[in-house]
Structure formats: C-alpha cells, structure tokens
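Single-structure report; data block below.
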Protein chains: 2
Amino acid sequence: MADTASQVDGDTGIGALGDIVGFHIRLAHGAVYRHFTETFADLGLTQKQVSVLWLADDHPGIAQIEVGRRIRMDRATTMTIINRLQDRDLMRRERSDSDGRKQALHLTAAGVAALAQAKNAIAAHESWLKSRFTDDEVEKLVEMLTRIHE
Amino acid sequence: MADTASQVDGDTGIGALGDIVGFHIRLAHGAVYRHFTETFADLGLTQKQVSVLWLADDHPGIAQIEVGRRIRMDRATTMTIINRLQDRDLMRRERSDSDGRKQALHLTAAGVAALAQAKNAIAAHESWLKSRFTDDEVEKLVEMLTRIHE
DNA sequence: CGCAAATTGTTAGTATAGCATACAATCTGA
DNA sequence: TCAGATTGTATGCTATACTAACAATTTGCG
C-alpha cells in the first residue's frame with residue numbers, strides 16, 4: 001500500500017517540492033524557454049532579443065530605460081542586449097532630440113526582416129504552447145500570470 | 001477615444017507582446033525569481049540550490065543524474081550547483097555502493113539546518129505568491145503549469 | 001564470457017542574463 | 001543657478017545552461 005506522496009510518484013518525482021507553486025512556474029518557464037530556443041536556433045535570437053526588437057518596432061525612438069521598464073530589465077542588462085542587437089546590425093541608436101540623455105532606438109532594415117521572421121517562429125512556438133489548453137484556459141492562465149507580474 | 005490596445009495601456013505597456021502566452025510566463029517567472037532572491041538574500045541560496053538540497057534530503061543517496069532529471073537540468077549544470085553546495089559544506093558526495101559510476105548525495109548537518117531555514121523562507125515566499133489567488137485558482141494554475149512542463 | 005555501447009561524472013569552454021557600482025552627460029525643479 | 005534626479009555607459013561578479021570531450025563503470029548483446 002502506498003503511504004507517501006513520493007511513492008505515488010513511483011519515486012521518480014519531486015515529492016513535496018511539487019506543492020510549491022513557484023517551483024511549477026520555474027519548471028514551466030524552463031520548458032517554454034527550451035522550446036523557444038529550439039524554435040529560434042536558426043534565427044539565433046533569444047526571447048529577450050525578440051522582445052526588444054518587438055518593442056522598438058512598436059515604438060520607434062523608444063529610450064533604453066523605457067524598454068527595460070516594460071520588460072522588467074535594469075539599465076545594465078538592457079545595455080548588453082541592445083549592444084548585441086546593434087553589433088548584429090539589427091538595431092541602431094540615435095541621440096534623442098527631446099532629451100539629450102536618451103538614446104532613440106530604431107530597427108535597421110535587417111532588424112525589420114529579422115523581426116518578421118521571429119514573429120513567424122513565435123506563432124509556431126505559441127501553437128506548441130497553447131495546444132495544451134482551450135481558449136478559455138489560455139485566457140485564465142494569462143490573467144493569473146498577469147496577477148503575478150503586474 | 002481609445003482605438004488600439006497600446007493606447008488602452010496609456011502607451012506604457014507592451015502592446016501586442018501581451019498576447020504572447022510565453023511572454024507572460026517569462027514575466028511571471030522573473031517576478032517570482034526576484035521575490036525569491038530577496039526572501040533568500042540572508043540565506044544566500046538560489047532556487048536551484050534549495051531544490052537540490054530538498055531533493056537530496058527527500059532521497060538520501062540520490063545520484064546527480066537523477067537530481068538533474070527531476071528538476072530538468074543537464075549533468076554539467078547539476079555539477080556546478082552541487083559543487084557550490086559542497087564548497088559551502090551543505091552537501092557531500094559519496095561513491096555509490098550499487099553503481100560505481102554514481103555519486104550518492106547526502107546533506108551535511110549544516111545542509112540540514114540550511115534546508116530547514118530555507119523551508120521557512122519558502123513558506124513566506126509562497127504566501128506572497130498565493131495571496132493573489134483562491135485555493136481553487138492555485139490548484140488550477142498548478143495543474144495548467146504542469147501540463148506545460150510535464 | 002567478452003567486448004561494444006550506454007551511463008555517469010567530470011572538466012573546460014562559451015553564451016546569456018542579472019545585478020551592483022561608479023561615472024559622465026543631461027535635464028529638472030526649487 | 002545649482003543640487004539632485006535621470007539616462008546611458010563601463011566594469012566586474014555571479015548564476016545558469018549548453019556543448020564537447022574524456023574516464024570510469026555498468027549493461028547487454030552476440
């Protein structure tokens with residue numbers, strides 16, 4: 001007769017760790033991250049890099065600090081990501097006219113093309129992720145996740 | 001009159017990025033990770049390190065490969081984490097009797113004490129996280145996250 | 001049984017990401 | 001006008017994740 005949770009798992013599981021919500025978020029994030037990386041292996045872009053390209057495309061001339069604020073990165077981290085994108089000629093910096101402290105960010109032509117490809121890859125990635133859920137569940141999941149990160 | 005999603009955000013949001021489920025998982029993970037780090041600043045333990053201590057305590061003599069399998073890390077990554085725990089005298093390696101290739105992992109006395117402290121900190125961290133949800137919602141969230149990482 | 005293949009641990013190297021600190025340039029407000 | 005805040009930049013440290021290669025050991029096939 002089974003008498004502990006770990007034996008119910010056949011002793012291949014994570015035991016009481018499985019009761020920790022944060023642990024499940026971490027595992028789910030890891031699974032999504034790995035699939036994302038596979039999907040984007042050809043493009044050679046990471047989640048962060050795509051997010052930054054996407055934001056800069058939606059908001060031409062956006063400042064670095066503002067990019068970081070919206071996707072929850074500090075200035076130093078934002079720098080390294082934009083440095084890489086600039087080194088690969090996907091993005092360029094311009095001095096802001098309105099505020100000399102700021103850099104106005106823009107995509108290059110290559111950046112626009114890369115983002116277009118990235119959005120296709122994201123569609124495939126999202127299908128993989130959403131295939132587990134009904135539309136209602138997706139909505140509920142996003143709403144609950146938003147409560148966490150908002 | 002608002003006419004686009006980004007304007008509903010008052011132009012401070014993430015626009016169409018907000019429709020990407022994977023993006024919300026990443027943001028939520030980041031928020032949880034940051035709160036975890038704050039909660040554990042005194043103890044100086046990371047999520048991974050606590051998970052490994054926890055597993056080794058639940059399963060004395062567990063092999064490194066098995067730890068990695070259960071919390072989704074490859075052998076090399078598992079090595080670096082256990083190296084750190086061993087350097088801090090929280091964990092020790094022994095040759096396995098049954099399989100000479102394996103290391104049997106055990107907590108030291110200091111490791112047992114650290115894990116006990118960690119479990120208290122996790123309780124506080126989990127309260128912070130769960131305070132957003134009803135019990136039913138927590139159950140539904142964990143169930144949906146499990147569908148992703150299983 | 002004996003040997004090839006698989007498993008486990010280890011090491012080394014690379015890349016991404018996050019954070020702290022310090023500094024310079026610029027802007028803001030009292 | 002000038003002190004303080006903001007923004008970008010540079011540097012350094014830490015944690016994580018992956019690959020590739022290698023050694024020791026075990027497993028299983030012929």
Side-chain angles (χ1 to χ4, degrees), chain A residues 26-27 29-41 43-53 56 61-88 91-105, chain B residues 26-27 29-38 40-41 43-53 56 61-88 90-105:
Chain A
R26 196 156 64 67
L27 285 189
H29 171 256
V32 170
Y33 183 84
R34 277 188 292 275
H35 185 270
F36 187 99
T37 301
E38 285 169 32
T39 306
F40 278 71
L43 263 171
L45 291 171
T46 67
Q47 288 180 327
K48 293 281 182 191
Q49 289 168 356
V50 171
S51 299
V52 170
L53 286 177
I62 192 173
Q64 289 182 188
I65 191 76
E66 192 55 29
V67 169
R69 189 168 290 141
R70 295 186 193 203
I71 60 182
R72 310 291 196 277
M73 301 185 299
D74 68 12
R75 285 175 298 155
T77 303
T78 306
M79 274 293 301
T80 66
I81 289 168
I82 292 181
N83 282 348
R84 264 192 291 276
L85 291 171
Q86 194 178 43
D87 289 346
R88 292 173 57 182
M91 181 170 279
R92 62 192 157 79
R93 292 172 160 105
E94 292 176 4
R95 275 276 155 211
S96 167
D97 293 333
S98 59
D99 188 333
R101 294 168 302 180
K102 294 182 179 175
Q103 296 277 23
L105 300 177
Chain B
R26 195 154 66 65
L27 285 188
H29 171 258
V32 170
Y33 182 84
R34 277 187 292 275
H35 185 271
F36 187 101
T37 302
E38 284 170 31
F40 277 72
L43 262 171
L45 291 172
T46 66
Q47 288 180 327
K48 294 280 184 192
Q49 289 167 359
V50 172
S51 300
V52 170
L53 286 177
I62 192 174
Q64 290 182 189
I65 191 76
E66 192 56 29
V67 169
R69 190 169 289 142
R70 295 186 192 201
I71 60 182
R72 311 291 194 278
M73 302 184 300
D74 67 13
R75 286 174 297 155
T77 303
T78 306
M79 275 294 300
T80 66
I81 289 168
I82 293 181
N83 283 347
R84 263 192 294 275
L85 292 171
Q86 194 179 41
D87 290 345
R88 291 173 58 182
L90 300 179
M91 179 169 280
R92 61 191 158 80
R93 292 173 162 106
E94 292 176 5
R95 276 276 155 210
S96 167
D97 292 331
S98 60
D99 188 333
R101 295 167 301 182
K102 293 183 180 175
Q103 296 276 21
L105 300 177

To the nearest Å, how far apart are B/L27 CG and C/dG18 P?
11 Å
Distance, rounded to the nearest Å, where A/I62 contributes CD1 and D/dG8 contributes P
10 Å
Quick one: closest heavy-atom pair of A/Q103 and A/R93, and the distance?
OE1-CB, 3.7 Å
By nearest atom, which of the nucleotides C/dT8, D/dT11, C/dT10 is closest to the B/Q64 side chain?
C/dT10
Rounded to whole angstrom units, what separation is found between the CD1 atom of B/I82 and the P atom of D/dA15?
15 Å
Would you say the base of D/dG8 and the side-chain of A/R101 have a donor-acceptor pair closer than 3.5 Å?
no
Below the 4.0 Å mark, does C/dT11 have OP1 or OP2 next to a side-chain nitrogen or oxygen of B/R75?
no
Output the rounded distance in Å from CD (B/E38) to C1' (C/dC19).
12 Å
From CA spacing to verdict: salt bridge (Lys or Arg N to Asp or Glu O under 4.0 Å), B/E38, B/R34:
CA-CA 6 Å; B/E38 284 170 31; B/R34 277 187 292 275; over 6 Å; no
Output yes when at least one side-chain N/O atom of B/Q103 is less than 4.0 Å from OP1 or OP2 of C/dT10, else no.
yes
At under 4.0 Å between heavy atoms, what does B/R26 touch on the DNA or RNA strands: base, sugar-phosphate, or nothing?
nothing
Would you kindly give the CG-to-C1' distance between A/D74 and C/dT21, to the nearest whole Å?
12 Å
The answer to which of A/S96 and A/Q49 contacts DNA chain C further toward the 5' end, by nearest nucleotide, is A/Q49
From NE2 of B/H29 across to P of D/dT16 the rounded distance in Å is 10 Å
Nearest to the side chain of A/K48, which nucleotide is it out of D/dC18, D/dT9, C/dG18?
C/dG18
Here the distance between atom C1' of C/dT7 and atom CZ of B/R95, to the nearest Å, is 13 Å
Comparing A/D99 and B/M79 on DNA chain C - which has the more 5′ nearest nucleotide
B/M79
Any side-chain heavy atom of A/L43 within less than 4.5 Å of one from A/V50?
no
Provide, to the nearest angstrom, the distance between the CZ atom belonging to B/R84 and the C1' atom belonging to D/dA15.
6 Å
What orientation do B/F36 and B/F40 show, parallel under 30°, tilted 30 to 60°, or perpendicular over 60°?
parallel
Do B/S51 and A/R26 have side-chain atoms, one donor and one acceptor, less than 3.5 Å apart?
yes
Which part of the nucleic acid does B/T77 contact within heavy-atom distance under 4.0 Å: base, sugar-phosphate only, or nothing?
base
Just checking, any donor-acceptor pair under 3.5 angstrom between side chains of B/D74 and B/T77?
yes
A/R34 side chain near D/dA17 phosphate (N/O to OP1/OP2, under 4.0 Å)
no
Considering only side-chain heavy atoms of A/A76, which listed nucleotide, C/dT8, D/dC18, D/dA10, is closest?
D/dA10
Base, sugar-phosphate, or nothing: which does A/R69 touch, judged by heavy atoms less than 4.0 Å apart?
sugar-phosphate
Select one nucleotide: of C/dC19, D/dA15, C/dA17, the one nearest the side-chain heavy atoms of B/T46.
D/dA15
Residue whose nearest DNA chain D nucleotide is more 5′ - A/Y33 or A/T80
A/T80
